[in-house]
Colleague: 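Have a look at this one before I ask anything.
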Protein chains: 2
Amino acid sequence: MSDTLAKKDRAAETRTRILDAAASLFRDKGYAAVSLRGIADAADMKAGSVYYHFKSKEEIVLEVLNLGIERVHKTVKAVFDTGKGNQENAALITDAICAHLETLLEHTDYTSANVRIHGQVPEAIRSEALVVRRRYEALWDDILAHGKAAGDIRQDVDLKMFRLMLIGSLNATLEWFDPEKGSARDISRAYAAILLNGLMDK
Amino acid sequence: MSDTLAKKDRAAETRTRILDAAASLFRDKGYAAVSLRGIADAADMKAGSVYYHFKSKEEIVLEVLNLGIERVHKTVKAVFDTGKGNQENAALITDAICAHLETLLEHTDYTSANVRIHGQVPEAIRSEALVVRRRYEALWDDILAHGKAAGDIRQDVDLKMFRLMLIGSLNATLEWFDPEKGSARDISRAYAAILLNGLMDK
DNA sequence: GTCTATAGCTCGATAGAC
DNA sequence: GTCTATCGAGCTATAGAC
């Protein structure tokens with residue numbers, strides 16, 4: 001049985017190697033510009049072998065997309081679950097922003113691949129990926145509703161639009177982030193300060 | 001001579017038809033997924049004929065990219081030049097945000113194609129397009145410096161980072177904007193209110 | 001200035017040896 | 001489970017007729 005387990009582990013390890021290679025390439029080049037031969041090369045295999053683990057390029061990209069969202073969802077949810085009982089809302093939202101941005105910028109090609117290529121994949125894949133994405137958006141709606149219920153958020157702000165703006169602006173950092181010019185944590189703090197308090201002096 | 005002019009007009013008109021078709025397709029499908037046959041189809045020609053007007057797909061995309069930035073640059077610059085002598089900075093920045101967002105969301109496929117595919121084109125094209133893009137970023141640096149000099153902007157805000165965040169968050173609206181659920185103008189006003197004053201009640 | 005035809009590649013995916 | 005070999009399709013770009 002340990003023999004069977006070892007085999008399963010090896011198969012899973014190869015699958016992961018393919019997915020890692022695909023996520024990194026999709027992130028850098030977009031969906032259409034990445035070939036299965038390119039993915040296979042980066043995973044140290046021949047193109048034909050990839051089809052033993054996945055039945056199509058679309059199946060690979062769907063799994064990359066969903067893993068990307070699930071990882072950031074998990075980290076932000078942990079922050080919210082831990083803090084919602086005992087933190088000020090400003091601190092709680094700041095921590096959630098940091099969790100999203102640090103995962104995106106530092107921890108995984110999957111999350112950044114998701115941001116970059118979600119709009120480029122075939123319609124059928126995009127609508128499947130939207131199911132998982134919507135669950136993450138709902139988490140942010142909960143976080144913001146929690147703050148509004150406590151009276152800490154301006155009553156005239158449209159929270160659905162704010163959530164779209166928030167996630168969009170965090171994801172847009174991917175296009176210019178350079179770890180040599182400032183850490184993900186510093187940028188996260190600065191973003192939170194602007195989003196919570198604004199640009200203008202008063 | 002009017003004969004010569006008419007010929008030039010017709011040639012220019014065909015060029016424009018190709019660029020319009022390309023901008024719209026790039027915006028919808030990304031760079032690599034759009035073929036020259038697709039562009040030619042949308043411009044009512046055969047693929048071979050496109051090469052009379054452009055020497056490669058890369059030449060087409062570079063022109064689309066640059067026209068996109070130049071159009072938004074022109075509208076935002078007009079707002080700044082008109083308002084900087086006689087408007088409050090909060091109103092001036094709000095108007096500039098509206099000008100950028102309304103051009104992006106309503107007025108031209110070129111600007112939205114630029115936002116979507118800038119990160120997908122071959123490196124040589126991207127670095128050429130960056131020259132024009134940097135001029136637009138410098139305009140925003142001027143707008144923000146003008147506000148800071150007047151003492152209307154918090155002294156602790158890093159304006160370079162804010163400019164990156166601002167343009168990134170405006171461009172990100174492309175991914176979710178739906179004209180049936182709210183006009184570009186309403187979204188612009190809401191964005192400006194959040195960016196200038198923040199989310200939290202005080 | 002636009003057409004047809006095609007050269008020369010690369011693509012996703014499959015078949016079958018090992 | 002990974003390999004080699006290949007099919008059929010679609011790609012950019014070019015050549016040459018009209």
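Throughout, a chain's letter reflects where its sequence line sits, starting with A, and its residues are numbered from 1.
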Colleague: On the nucleotide dC11(D), are OP1 or OP2 found under 4.0 Å from the side-chain N or O atoms that Ser35(B) carries?
Modeller: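 For dC11(D), OP1 or OP2 has a side-chain N or O of Ser35(B) closer than 4.0 Å.
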
Colleague: Does anything in residues 21-34 of chain B reach DNA chain D, meaning a heavy atom under 4.0 Å, and if so which residues?
Modeller: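 Residues of residues 21-34 of chain B under 4.0 Å from DNA chain D: Val34(B).
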
Colleague: Between the protein and nucleotides 13-18 of chain C, list every N/O to N/O distance that falls short of 3.5 Å.
Modeller:
unit_1  : atom_1 : unit_2   : atom_2 : d
dA13(C) : OP2    : Tyr51(A) : OH     : 3.0
dA13(C) : OP2    : Lys57(A) : N      : 2.9

Colleague: Rounded to whole Å, please give me the gap between CD1 in Ile39(B) and P in dG10(D).
Modeller: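 In whole Å, dG10(D) P lies 17 Å from Ile39(B) CD1.
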
Colleague: Looking at the side chain of Met45(B), which of dT2(D), dC11(D), dT2(C) is the nearest nucleotide?
Modeller: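 For the Met45(B) side chain, the nearest candidate turns out to be dT2(C).
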
Colleague: Using atom CD of Glu13(A) as one end and atom P of dG1(D) as the other, report the distance to the nearest whole Å.
Modeller: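 Taking CD of Glu13(A) and P of dG1(D), I get 12 Å after rounding.
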
Colleague: What is the separation between atom CZ on Arg15(B) and atom C1' on dT2(C), rounded to the nearest whole Å?
Modeller: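 These atoms are roughly 17 Å apart.
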
Colleague: Step through the shown structure and confirm whether more than 12 heavy atoms of other residues, nucleotides or ligands are within 6.0 Å of CD on Glu88(A).
Modeller: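 Counting neighbours around CD of Glu88(A), 12 or fewer heavy atoms of other residues, nucleotides or ligands fall under 6.0 Å, so no.
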
Colleague: Could you check which of dC3(D), dT2(D), dT2(C) has an atom nearest any side-chain atom of Lys46(A)?
Modeller: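 In terms of side-chain proximity for Lys46(A), the closest of dC3(D), dT2(D), dT2(C) is dC3(D).
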
Colleague: CH2 of Trp140(A) to CD1 of Ile167(A): how many Å apart, nearest 0.5 Å?
Modeller: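 Between atom CH2 of Trp140(A) and atom CD1 of Ile167(A) there are 7.0 Å.
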
Colleague: Among dG1(C), dT2(C), dT4(C), find the nucleotide with the atom closest to the side chain of Ala11(B).
Modeller: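 In terms of side-chain proximity for Ala11(B), the closest of dG1(C), dT2(C), dT4(C) is dG1(C).
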
Colleague: Write down the distance between CD1 (Ile18(A)) and P (dG1(D)), rounded to a whole number of angstrom.
Modeller: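 Roughly 11 Å, once rounded to whole Å.
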
Colleague: Mind calculating the distance between OH (Tyr52(B)) and P (dT4(C)) to the nearest angstrom?
Modeller: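 Spelled out: OH on Tyr52(B) to P on dT4(C) is 18 Å.
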
Colleague: Give a yes/no on whether any side-chain N or O of Thr14(A) is located under 4.0 angstrom from OP1 or OP2 of dT2(D).
Modeller: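 It does, given that an N or O in the side chain of Thr14(A) lies less than 4.0 Å from OP1 or OP2 of dT2(D).
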
Colleague: Consider side chain to side chain donor-acceptor pair (under 3.5 Å). Of Asn89(A), Asp152(A), Asp141(A), which one does His146(A) pass it with?
Modeller: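 Output: one option passes, namely Asn89(A).
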
